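Within every chain, numbering begins at 1; the chains are lettered A, B, ... in the order of the sequence lines, protein sequences first and strands thereafter. Treat the numbers as computed from the prediction; the structure is a model and nothing was measured.
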There are 2 protein chains.
Amino acid sequence: MASIKKDINWETKVIELLKEKKLSITVPRKMIIRLLLKEHGPFSAEEIYNKLPKNTCDQVTVYRCLNQFVETQLVTPSYFEKEMVLFEFNDPHHHHHHIICKICKKIDSFHDCILNKIETSLAKKGYKDIQHRLEFIGVCGACQNS
Amino acid sequence: MASIKKDINWETKVIELLKEKKLSITVPRKMIIRLLLKEHGPFSAEEIYNKLPKNTCDQVTVYRCLNQFVETQLVTPSYFEKEMVLFEFNDPHHHHHHIICKICKKIDSFHDCILNKIETSLAKKGYKDIQHRLEFIGVCGACQNS
DNA sequence: ACTAAAAATGCAAATGAGTTGCAAATATAT
DNA sequence: ATATATTTGCAACTCATTTGCATTTTTAGT
């Protein structure tokens, strides 16, 4: 009973999100968004595909959906390394960043957002040899009228 | 005369850098480092290959060299998008970050390094709809003794 | 609801940046 | 100068992601 109710709530929430972004409501889209809401990644496209119930959809569909979600900013991609794009639900109320271990590749996240504060907080967590990558993405003056 | 002298200086500087990183001195390595010192990227592996004088080396060698340079931190990679890794000489005295235009993909760089300051400075430069990606890379506690 | 038009999906095939194996060439150390 | 180790070129390969097209599902209009 409780779980049915809970699923109905997920369904409603997910449909709302898709409508907000003007994306049509399809089974694969709903399943992927629900997964990303329930489990907090970041996950690769392949991990997402594997986490979906068998026969939910083709792997190609996962790629297509994720691309659309990124375009509509429903989902945020992180580019840690070559061939390592990880996706996460984009919740503006839980803005955060990640740290990846160079060796074991485990990813941890933190909610600080000023660089020096961050480095201190990461050092306290036991990380050594910390580097960072900071990239901004925007629309330049020249492209604003096109 | 002046240009020969200048080239000799480049040669010396480049050899010094390679030795510092304990990399053997080869023609392709020297050429790639010299290019990255002379022109400030960031450049893709392909761009680098094309900028090298014809027949300097194979494209595979460019990939191999760049990977070694990244490993030894002689060069810094930026991951703006999937399949878009850009390389730059890593000069600790000119620490900076980039902004890419979502539309035209032109890359600009800036030297501020506190997030709010940065966003203000980018807005002054005329960018709109600014997002950022900040990732940290380090060695976690568990991996420090392995 | 019913139907036509639009959009999304599955499958198979293609793409393409980056990697790998191996023999030949080059660099390093003694 | 010679032996050993490293790097390079070439060709073939890999593998995540994309694309084309026929089929299915969704949406919007009546």
Just verifying a value: how many Å separate Leu35(A) CG and Phe43(A) CZ, rounded to the nearest 0.5 Å?
6.0 Å
Does Asn67(B) put a side-chain nitrogen or oxygen below 4.0 Å from OP1 or OP2 of dT19(C)?
yes
Any donor-acceptor pair under 3.5 Å linking the side-chain atoms of Glu88(A) with those of His94(A)?
no
Taking protein heavy atoms under 4.0 Å as touching, what does nucleotides 22-30 of chain C look like 5' to 3' if B marks base contact, S marks sugar-phosphate-only contact and - marks none?
-----SS--
Tell me the interatomic distance from [X], atom [atom1], to [N], atom [atom2], rounded to whole angstroms.
X	N	atom1	atom2	answer
Arg29(A)	dG10(C)	CZ	C1'	15 Å
Phe87(B)	dA17(C)	CZ	P	13 Å
Tyr63(A)	dC15(D)	OH	C1'	9 Å
Asn55(A)	dG10(C)	CG	P	10 Å
Tyr79(B)	dG18(C)	OH	P	10 Å
Ile15(A)	dT26(D)	CD1	C1'	12 Å
Lys30(A)	dA7(C)	NZ	P	20 Å
Asp58(A)	dC21(D)	CG	P	18 Å

Go through it in stages, so that I can follow the logic: the residues are Cys57(A) and Val27(A), the test is side-chain contact (heavy atoms from CB on, under 4.5 Å), and I'd like the CA-CA distance, side-chain angles, deciding distance and then a yes or no.
CA-CA 8 Å; Cys57(A) 67; Val27(A) 174; over 6 Å; no
Let me have the donor-acceptor pairs involving side chains of residues 71-79 of chain B, under 3.5 Å, with sequence neighbours excluded, atom names and distances please.
from, atom 1, to, atom 2, distance (Å)
Thr72(B), OG1, Gln68(B), O, 2.9
Thr72(B), OG1, Phe69(B), O, 3.2
Ser78(B), OG, Glu135(A), OE2, 3.4

Pair Val85(A)-Leu66(A), side-chain contact (heavy atoms from CB on, under 4.5 Å): steps then yes or no
CA-CA 11 Å; Val85(A) 187; Leu66(A) 287 172; over 6 Å; no
Contact check, side chains of Glu46(A) and Gln59(A), non-hydrogen atoms, under 4.5 Å:
yes
